[in-house]
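Just so it is clear, the model here is predicted, and its values are computed rather than measured.
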Amino acid sequence: QVQLVESGGGLVQPGGSLILACTVSGFALDYFAIGWFRQGPGKEREGVSCISSGGATYYLDSVEGRFSNSRDDAKGTVYLQMNSLKPDDTGLYYCAARSPGCGETWSSVSFDYWGQGTQVTVSS
């Protein structure tokens, strides 16, 4: 049974930080790239970040320098550190898996497995 489970979402004030985690089961994380996507109110789903099986990372321009993606294959977990959060960062955040890697156009390619999402709300 292939599963991805997101955790760590919540309510945070502007300028605050959150760490999201994506934990996988049913497959070995080692050979998969993990993408993070979000959908805010009234917005289309957009790619936030991707980390390849080799550890290369990619970021949406608007989160570059504020978000950091990392992975621990032994734990089967990928982390998204989010700093200096803004109201526009509000949305339902999903992690998704594909192989073999992100690619330079990762946000436009298909991902095979998706989690259920975790809500991030940035508001004062």
Side-chain angles (χ1 to χ4, degrees):
Q1 192 89 11
V2 174
Q3 288 189 334
L4 290 80
V5 179
E6 304 92 340
S7 61
L11 175 65
V12 63
Q13 68 180 38
S17 298
L18 285 173
I19 302 174
L20 304 184
C22 174
T23 300
V24 309
S25 61
F27 66 98
L29 179 61
D30 310 56
Y31 303 103
F32 285 81
I34 299 294
W36 289 94
F37 300 82
R38 69 187 181 191
Q39 187 166 13
K43 300 178 181 179
E44 297 295 317
R45 188 182 69 195
E46 63 181 350
V48 176
S49 184
C50 188
I51 184 165
S52 73
S53 60
T57 53
Y58 307 82
Y59 298 94
L60 178 69
D61 286 348
S62 63
V63 309
E64 184 80 48
R66 299 189 296 119
F67 291 11
S68 181
N69 205 349
S70 62
R71 63 191 294 149
D72 186 335
D73 290 345
K75 295 181 179 179
T77 303
V78 170
Y79 302 93
L80 185 67
Q81 173 75 55
M82 306 187 297
N83 299 319
S84 302
L85 285 162
K86 306 173 180 179
D88 283 349
D89 294 318
T90 293
L92 187 63
Y93 282 68
Y94 301 89
C95 63
R98 73 181 305 274
S99 64
C102 298
E104 297 211 14
T105 57
W106 66 272
S107 63
S108 299
V109 301
S110 63
F111 282 73
D112 300 310
Y113 308 109
W114 291 78
Q116 293 298 305
T118 185
Q119 179 67 36
V120 173
T121 302
V122 185
S123 176
S124 60

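If you take CD1 on I19 and OG on S68, they are separated by 10.0 Å, rounding to the nearest 0.5 Å. Distance OG/S70 to CG/L80: 8.5 Å, rounded to 0.5 Å. Rounded to the nearest 0.5 Å, atoms CD (E6) and CH2 (W36) are 6.0 Å apart.
For residues 47-56, the set of pairs meeting the side-chain hydrogen bond (donor to acceptor under 3.5 Å, both in side chains) definition, not counting sequence neighbours, comprises S49-N69. Applying the side-chain hydrogen bond (donor to acceptor under 3.5 Å, both in side chains) test to pairs two or more places apart or on separate chains, those with a residue in residues 73-85 are S17-N83, T23-T77, R71-D73, Q81-N83.
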From CA spacing to verdict: side-chain contact (heavy atoms from CB on, under 4.5 Å), T90, R38: CA-CA 8 Å; T90 293; R38 69 187 181 191; over 6 Å; no

side-chain contact (heavy atoms from CB on, under 4.5 Å) between L18 and L85, intermediate numbers included: CA-CA 8 Å; L18 285 173; L85 285 162; 4.2 Å; yes

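Other cluster members for Y94: F37, Y58, L92, W106, V109, F111, W114, joined by side-chain heavy-atom distances under 4.5 Å among Ile, Leu, Val, Met, Phe, Trp and Tyr.
Closest heavy-atom contact between D112 and R98: OD2-CA, 4.0 Å. Shortest non-hydrogen contact noted between A97 and I34 is CB-CD1, 3.6 Å. When every heavy atom of P14 is checked against every heavy atom of S123, the shortest pair comes out as CD-C, 3.6 Å.
Side-chain contact between V78 and L20 is absent, with no heavy atoms from C-beta onward closer than 4.5 Å. Using a 4.5 Å cut-off on side-chain heavy atoms (C-beta onward), M82 and V48 make no contact.
Cluster annotation: V120 and L11 are assigned to distinct hydrophobic clusters (Ile/Leu/Val/Met/Phe/Trp/Tyr, side-chain heavy-atom contacts under 4.5 Å, transitive). F32 and V5 are not part of a single hydrophobic cluster, where members link through side-chain heavy atoms under 4.5 Å apart. A continuous path of hydrophobic side-chain contacts links L29 to V2 [ILVMFWY only; heavy atoms under 4.5 Å].
In E46, the CD atom is crowded: over 12 heavy atoms of neighbouring residues, nucleotides or ligands sit closer than 6.0 Å.
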